[in-house]
Amino acid sequence: MEAEKKHSSAVSNVGAWAMNVISSVGLIMANKQLMSPTGHAFAFATTLTGFHFCTTALIGLVSNATGYTTKKNVPLWELLWFSVVANTSITAMNLSLMLNSVGFYQISKLSMIPVVCFLEWLLNGKHYSNKVKMAVVVVVIGVGVCTVTDVKINAHGFLCACVAVLSTSLQQISIGSLQKKYSIGSFELLSQTAPIQALSLLLLGPFVDYFLTGKLLASYKISSAAFFFIVLSCSLAVFCNISQYLCIGRFSAVSFQVLGHMKTVCVLILGWMLFDSELTLKNILGMSIAVNGMIIYSWAVEGDKPMQYRKDATSDVKVLIKQVEGSLLLKDVELGKSQG
C-alpha cells in the first residue's frame, strides 16, 4: 500500500513538471509568433498577461460554480498583498527586458535561485545541504554559459532588475506558504488570486505597455490569425499558471527555479529547430552542464529527505517522551493527593 502511494505521488510529480515545461515552452513559442515584428506585432505584453489571468479566473469561476472545486477562506488582505507582489514582478520583468541588454536580463533571472534560497532561509528558516548548494551552482553556471551574451548595465535597468528579482522570488515563496498556511489546493488558491490580478492588469496594462512601446492598444488592428494566437496564448497560460502553483506547492520555490531552467534548454533547442536560431558549441556545452546540474540537484534533494525524516522522527519521539513523562508525573502527584 505504501509503495503504491509513493508510485502514485511520483507519477503526479512528474506530471506536474511535464505540464509546466510543455505549457511554458508552448506559451513562449506562441507569444514569440504573436508579439514579434515578423509575426503579428502584438507588442502589449502586460495587457496580454491580463488576458491570461482573466481566462484563468473565468475557468476558476466555472470550476467553483460546478462544484469541481470549493472556495476556501483566505483573508482578502493576503490575496491583495500577493497580487501586488505578483503584478510588480510582471511589470518589473517587462521593464528590465526593455532597459537592459539580453545578457544582463538573463543574469538577473539566474540570480533568482540564490535570492530564493536566501529568502527561504530568512523567512522560513530553511537550510540547504552542501550537495544542494553545489548543484545550484552547477545549474547557474550551465544556464549562464548557454544564455548570457552581451552584458551592459545602466542605473534604471539595474534598479528594475533588482525589483523584478525580489518580487518574483517573494511571489514564488508566497505560493507555497499560502497553500500550507491555509491548507488550500493549488488551483483553489489560483482561482482566488487570478481575478484580482486580471482586473488590475487589464486596468493598468495598456498604460504600462504604452510607456514601454509608445503604442496604443486601441490602434492595433487585430487579424483572425492574431486573434487565434491570443486565444492559444491564453489557453496555454492557464496550464502554465496551474502547473506553477502545483509544482511550488508539491516541492519548493527553489526546486521550481532550478528545474525550471529545463524550459530554457527546451526553448533554445526549439528555437533552433523551428525558427532557425543559431545553436553554437557554447550553447550545447552550457545546456549539458545545466542538465547535469539539474540531475545532481534532484539526487541531492532526494538524498536529504531521509535525513529530514530522521530529524522529524527524532523530534516527535522527544515530544512523545516528554508527554509520557509529564503524564506519569501528574499521576504520581494525583496518587500522592489521594493517599494523603
Donor-acceptor under 3.5 Å (Ser233 side chain, Phe229 main chain):
no

Find the distance between OG1 (Thr56) and CD (Gln197) and round it off to the nearest 0.5 Å.
9.0 Å

Over all atoms of both residues, closest heavy-atom pair of Ser219 and Leu216
OG-O, 2.6 Å

Checking side chain to side chain contact (heavy atoms under 4.5 Å, CB included) against Val238, which of Leu27, Leu190, Ile59 comes through?
Ile59

Hphob cluster co-occupancy, Ile184 + Trp81, side-chain heavy atoms under 4.5 angstrom:
yes

Is Leu34 linked to Val25 within one hydrophobic cluster, defined over Ile, Leu, Val, Met, Phe, Trp and Tyr using a side-chain heavy-atom separation of less than 4.5 Å?
no

May I ask you to test the Leu48-Phe51 pair for a side-chain heavy-atom distance under 4.5 Å?
yes

Contact check, side chains of Ile230 and Ile222, non-hydrogen atoms, under 4.5 Å
yes

All heavy atoms of Cys240 vs all of Ser23, minimum pair found to be CA-OG, 3.3 Å

Non-hydrogen atoms of Ser191 and Gly60 that approach each other most closely:
CB-CA, 3.8 Å

Ser24 side chain to Val21 main-chain N or O, any donor-acceptor pair under 3.5 Å?
no

Any Ser177 side-chain heavy atom under 4.5 Å of Asn124 side chain
yes

Given the rule in the side-chain hydrogen bond (donor to acceptor under 3.5 Å, both in side chains) test, do Gln179 and Tyr245 qualify, once you have shown the distances and angles that lead to the verdict?
CA-CA 9 Å; Gln179 288 187 53; Tyr245 279 55; over 6 Å; no

In Å and rounded to the nearest 0.5 Å, what is the SG to CE distance from Cys247 to Met19?
8.5 Å

Hey, could you give me the CD/OG distance between Gln192 and Ser83, rounded to the nearest 0.5 Å?
10.5 Å

Going hydrophobic residue to hydrophobic residue with side-chain gaps under 4.5 angstrom, can you get from Leu246 over to Val74?
yes

Is the number of heavy atoms from other residues, nucleotides or ligands under 6.0 Å of Tyr182 OH greater than 12?
yes

With no hydrogens and no angle check, is any side-chain donor or acceptor of Ser89 less than 3.5 Å from a backbone partner on Val85?
no

Pair Leu285-Leu281, side-chain contact (heavy atoms from CB on, under 4.5 Å): steps then yes or no
CA-CA 6 Å; Leu285 176 64; Leu281 181 62; 5.5 Å; no

Rounded to the nearest 0.5 Å, how far does CD1 of Ile175 lie from CZ of Phe82?
4.5 Å

Donor-acceptor pair, distance only, cut-off 3.5 Å: does the side chain of Thr168 make one with the backbone of Val165?
no

Validation row: Phe118, Ser169 side chains within 4.5 angstrom (heavy atoms)
no

Does Phe44 have its ring centroid less than 6.0 Å away from the ring centroid of Phe42?
yes

Please tell me if the side chains of Met35 and His40 come closer than 4.5 Å, counting only heavy atoms from C-beta onward.
no

Do any N or O atoms from the side chain of Ser36 and from the backbone of Lys32 form a donor-acceptor pair under 3.5 angstrom?
yes

Test item: Gln171 and Gln244 side chains (from C-beta on) under 4.5 Å apart, heavy atoms:
yes

More than 12 heavy atoms from other groups under 6.0 Å of CG on Leu122:
yes

Would you give the length of the straight line joining atom CG of Leu99 to atom NE2 of His156, rounded to the nearest 0.5 angstrom?
8.0 Å

Do Tyr220 and Lys215 come close enough that some side-chain heavy atom pair is under 4.5 Å?
no

Once you round to the nearest 0.5 Å, how far does CD1 of Ile289 lie from CD1 of Ile141?
7.5 Å

Side chain to side chain donor-acceptor pair (under 3.5 Å) test vs Thr46 passes for just one of Asp209, Thr213, Thr91, namely Asp209

Find out if a path of hydrophobic residues (ILVMFWY) with successive side-chain heavy-atom gaps under 4.5 Å connects Leu61 to Phe187.
no

Using side-chain heavy atoms (C-beta onward) and a distance below 4.5 Å, is His52 in contact with Leu236?
no

For residues Ile248 and Ile90: do they belong to one hydrophobic cluster (side chain heavy atoms under 4.5 Å, members Ile, Leu, Val, Met, Phe, Trp, Tyr)?
no

Tested for side chain to side chain contact (heavy atoms under 4.5 Å, CB included) against Cys54, the lone hit among Leu202, Leu201, Thr49 is Leu202

Side-chain donor or acceptor of Glu120 paired with backbone N/O of Val115 under 3.5 Å
no

